[in-house]
Amino acid sequence: MYESFSFLFFTAAVISFINYRWIKLPLTIAQLLLSLGLAVLVLVAKPLWPAAYGFLSNTVTQVDFNHFMLDILLGFLLFAGALHVDIRGLEAERWPVFWFATLGVLLSTVIIGVGLYGIAAGLGVPLSFFDCLLFGALISPTDPVAVLALLKDSNVSPSLQLKIEGESLFNDGVGVIVFTGILLLSEMSSSGGESPLMLELGQLLLREVFLGLSLGALLGFLGFRAMKMVDQDPHLTTIVSLAIVFGGYSLAQALETSGPLAMVVAGLYIGHQIKRPDFEAGTRKVLAGFWEILDDSLNGILFVFLGLAIHLMSPDSMAEIWLMLSVIVLVLVARFIAVVIPYSFLRHDAHSWVDTAAVLTWGGLRGGISLALAYSLTENMSGSTLLLLTYGLVIFSILVQGLTLPRIVKILLPSAKP
């Protein structure tokens, strides 16, 4: 595991250097694209240099990606992302964010699940209805890691950026809860269990959402008080912020509540409070710089891993290739519907809201969280097929949607000011 982590970090650093000096792409896209190129190069050279292929395979397969993403990286990435969000601006966008992250995820899950079930049946790919719903749940949330990394380099308006940021920060926690709920339904259906379904789902919702949000608020409140007491020492303040994430995420797991939601709330609260004029300005600068460096480093490791794992993903038949291409279209359609329906109920500019919904659709990138949930599925749940579909969607969303998002914004929202 240490060797894998070291190699991923080293590769991310080299790619970042190359991109900064010569390529000038958004960093996330460059890391994914160049690591994909490296993986393809090693794969082509396998007959001449089998040791390199073996090393690359071991580097990827030694990482338990589900554990690595959900239990280690995610808490730090969400806290770092939330720390830099303008909470007052987010409050102004609270209703779009709320509806996109809740109703939008549920609508997208159902549309994708039903659509995939029909497409798979037509192509002769064996997928159960619950398998399709699970895929809908894991692919519906936009990934905060991919979205926040890309928005650093995209000239979108502050209002639109806050909609995309806010939704991506909260809907991953909602997506995990929906995914867990469908798993619960699937297990109860296959085992013929007679436990009250609504009671089980109600307990899941209370434990994951309300306890997670409450824990995050408590961590943010107590954590900031501790940071304020030592804000004359920027190093100690930074250590306290690290302890909030290490201890808080572990506590959330021990309480079986949503660590992602807790970290988002804690990060938003602390990020807002450290902007107070009575908080030491030098410490604020050190704190923000540390978390930005940590965010970039962990993002690099994640996207290099995604690129290097391409050699493990190979369709078994033409039917799976057609299924992957069909699912890309299905997910985009489901995303548009899941944005338009909630957005149509909100107050907005009548002349541009459809264009804004189109930008929100194209800006809904998928990433590590979707793959981590797909990695958790067993073969009994068509895990290999769903993992292949998920990987194809992630690569498409980051490379194609990510690369073209600035141009889409410029075409559809030319009056938007960065």
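One-based numbering along the sequence shown. These numbers come from a predicted model, not from an experiment.
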Pairwise distance [atom1]([X]) to [atom2]([Y]) - rounded to 0.5 angstrom:
X      : Y      : atom1 : atom2 : answer
Leu56  : Lys46  : CG    : NZ    : 11.0 Å
Trp291 : Thr238 : CH2   : OG1   : 9.0 Å
Thr180 : Leu134 : OG1   : CG    : 9.5 Å
Asn299 : Leu32  : CG    : CG    : 12.0 Å
Ile177 : Ser258 : CD1   : OG    : 5.0 Å
Leu127 : Leu386 : CG    : CG    : 5.5 Å

How about [X] and [Y]: do any of their side-chain heavy atoms sit closer than 4.5 Å?
X      : Y      : result
Asp295 : Phe76  : no
Val400 : Ile395 : no
Met263 : Leu219 : yes
Leu138 : Leu377 : yes
Arg335 : Thr142 : yes
Leu43  : Ile310 : no
Asp172 : Val176 : no
Ile244 : Met227 : yes

Got a donor-acceptor contact below 3.5 angstrom from the [X] side chain to the [Y] backbone?
X      : Y      : result
Ser57  : Gly54  : no
Gln401 : Gly363 : no
Asn171 : Pro141 : no
Ser186 : Ile182 : no

*Would you please name every residue forming a salt bridge (charged side-chain N to carboxylate O under 4.0 Å, His left out) with Arg366, sequence neighbours left out?*
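Salt bridge (charged side-chain N to carboxylate O under 4.0 Å, His left out) check on Arg366 returns nothing, list empty.
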*More than 12 heavy atoms of other residues, nucleotides or ligands under 6.0 Å from NZ of Lys275: is that the case?*
yes
*Could you tell me whether Tyr53 atom OH has more than 12 heavy atoms of other residues or ligands within 6.0 Å of it?*
yes
Parallel, tilted or perpendicular: which one describes the rings of [X] and [Y], with boundaries at 30° and 60°?
X      : Y      : value
Phe221 : Tyr269 : tilted
Phe68  : Phe305 : tilted
Trp22  : Phe17  : perpendicular

Only one of [options] passes side chain to side chain contact (heavy atoms under 4.5 Å, CB included) with [X]; say which it is.
X      : options                        : result
Leu393 : Leu332, Leu365, Leu371, Ile139 : Ile139
Met69  : Asp64, Val63, Leu373, Ile369   : Ile369
Thr257 : Leu251, Val209, Leu211         : Leu211

Nearest atoms (heavy-atom pairs only) where [X] meets [Y]:
X      : Y      : answer
Ile29  : Gly402 : CD1-C, 3.5 Å
Leu116 : Cys132 : CG-SG, 3.8 Å
Ile15  : Ala30  : CG2-O, 3.7 Å
Arg94  : Glu91  : NH1-O, 2.8 Å
Ala374 : Leu387 : CB-CD1, 3.8 Å
Ala288 : His84  : O-NE2, 3.7 Å

Between [X] and [Y], is the gap from one ring center to the other below 6.0 Å?
X      : Y      : result
Phe345 : Trp95  : no
Phe100 : Tyr343 : yes
Phe55  : Phe7   : yes

